[in-house]
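A quick write-up on the structure given underneath.
Both counts, for ligands and for their atoms, begin at 1 and track the order of listing.
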Amino acid sequence: MSTLTSMPAWHALQNHAQEITHTHLRDLFAADDQRVERYSASAAGLYLDYSKNRINDTTLALLKQLADEVSLPEMAQKMFRGDKINHTEGRAVLHTALRSRSDEPLLVDGVDIRQEIKATLAKMKTFVEQVQQGDWKGHTGKQFTDVVSIGIGGSFLGPKIMAESLKPYWNKDLKCHFVANIDGTAISEKLKQLDPETTLFVMSSKSFSTQETLTNTLTARDWFLAHKLPEEAIGQHFVAVTSNVAAAEAFGIDKDNVFPMWDWVGGRYSMWSAIGLPIALQIGFDHFEQLLEGAETMDQHFLTAPVESNLPMLMGLLGVWYTNFFGSQSHVVLSYDHYLRGLPAYIQQLDMESNGKSVDNQSNQVDYSTGPVIWGGEGTNGQHAYHQLIHQGTGVIPADFILPLTSHNPTGRHHAMLAANCFGQTQALMAGKTLEEATVELQQAGLAEDAINALAPHKVMPGNKPSNTLLMDKLTPTTLGALVALYEHRTFVQGQIWQLNSFDQWGVELGKVLGNSVLDDLESATPKLNQDGSTVSLIKKFRNGEI
Ligand SMILES: O=P(O)(O)OC[C@H]1O[C@H](O)[C@H](O)[C@@H](O)[C@@H]1O
């Protein structure tokens, strides 16, 4: 039995879950008109209504006890101060330092990283301003109109989704494009639209060894040179962001054009570093700094607020409550804002690559569920696609609804309708519709009794489906920074409860290695074909070009 499942709070939560499954949220709201006042909290420009969760005061007390029993507050302090909590890679975890304005020295292996962070931010600021003001032009003297950010995983999702989310703040004279996939269509379709004389390439790869990014950059480089631009023009049109500066130089990127990052920043936590350069180019450096400031405000809240009003702690613990005591296997993030339509995909990598693991910090196989599938999309679109399952499916899928109260594009009644849909969905999930209510509805519609008896059960909505509602006054760089930091710390909370190292990703290695040996067989004149039968069959079909 693992240490986690032997903890007193764990056993108490198991017993408590048995009790609370017999209560309906409808009844909890009916019995307490102060419920939302007691189960809501605000911080860093965000408001969390968590009253539509399957909880009562005992639940929260036991979840808090569990947090204490795993020493969560102490673990958070260790992370922020640079302890090497990423123990399988022997690394600190300091994405929080990237957005900190503290001057307190922060040593990693004897080096004060605050100075490196400051120097890199200054380098980014100078570069962004030079590009925006036309002081850094293309080889033929034209100002850049387009930026192509080449990267994948955390070197793609952060830049792309944050830039997309902050469109109201875009520098109108510069358009950022994002290429990630090795599929040649991705880069080909992008390059078709572009003029090499006015295009700047930002190649982002922490390791500088990722096949997709290296290949796409070489293809971009070939395209660039194929347009009669000389080799010496590369230096003006290609910059890189990486922790492997030597590899970047060997690749042909000028040393002065390399923006450093560090091994104490995980890829999925790296948008605050120079990986965020495309964001800063798109929205301007001042707005990028506001993104950092919003995140830092959430950091301080996470470090100092008591559990019962600590947004990341509450959301993280509630996730554990459903995963481990209600059998939930997925969690849905619903952005009721068109600009935030990509956010669920960002949180998907953040959370699933952090906690999609089954070996604990003591190198033992866990005997409990860990990271759920994170999915989601844009409201109200999801209501016409997958909300059916959330309402009437057989499982419990906790939902986060995210809505800015003010739209950047006030258009007629649109925003009121968006908000009404958002709130209506959380209400329907909570209250549901009973058989009696469905029956009365059908009687009022004049259906015959046998028809009613056949149809009514299909119209029953069990309700008691949990949701969080996250509000902000308006989507700004500051509130977006706070929102992303909130989810980073929510992921940290869950990883700590599950006794996981949330900051390595050994699971992505095998597929890459096997893919390389398959590639040899796909391209070789004399393929070895010493793979399993299915893979050999697939290789042969690819080589023959027919199924
Ligand atoms: O930035 P790179 O070193 O190119 O890595 C890009 C991505 O590669 C892997 O898939 C990791 O799992 C991701 O966390 C990382 O963001």
Distance from [atom] to nearest protein heavy atom, with residue and atom:
{"atom": "atom 1 (O) of ligand 1", "result": "Ser155 OG, 2.6 Å"}
{"atom": "atom 6 (C) of ligand 1", "result": "Ile152 O, 3.3 Å"}
{"atom": "atom 10 (O) of ligand 1", "result": "Lys512 NZ, 4.0 Å"}
{"atom": "atom 5 (O) of ligand 1", "result": "Thr210 OG1, 3.5 Å"}
{"atom": "atom 15 (C) of ligand 1", "result": "Gly154 N, 4.0 Å"}

Of Gln211, Lys206, Glu212, Glu353, which has the heavy atom at the shortest distance from atom 13 (C) of ligand 1?
-> Glu353

Under 4.0 Å to a heavy atom of [X] - the qualifying atoms of ligand 1, by number:
{"X": "Gln505", "value": "12 (O)"}
{"X": "Gln349", "value": "13 (C), 14 (O), 16 (O)"}
{"X": "Val508", "value": "12 (O)"}
{"X": "Ser207", "value": "2 (P), 3 (O), 4 (O)"}

Between His139 and Glu197: side-chain donor-acceptor atoms closer than 3.5 Å | no

Could you tell me whether the side chains of Thr479 and Thr476 share a donor-acceptor contact shorter than 3.5 Å?
-> yes

Are the aromatic rings of Tyr487 and Tyr346 close, with centres under 6.0 Å apart?
-> no

Are Phe503 and His87 near enough that their ring centres are under 6.0 Å apart?
-> no

For Gly153 and ligand 1, does the shortest N/O to N/O distance drop below 3.5 Å?
-> no

Which atoms form the tightest heavy-atom contact between Val108 and Trp264, and what is the distance?
-> CG1-CD1, 3.9 Å

dist Trp170:CH2 -> Leu281:CG (nearest 0.5 Å) comes out at 12.5 Å

So, is the end of the Lys137 side chain (NZ or CZ) under 6.0 Å from the ring centre of Phe144 and within 45° of the ring's axis?
-> no

Worked verdict on Ser502 versus Asn355 for side-chain hydrogen bond (donor to acceptor under 3.5 Å, both in side chains) | CA-CA 5 Å; Ser502 299; Asn355 293 336; 2.6 Å; yes

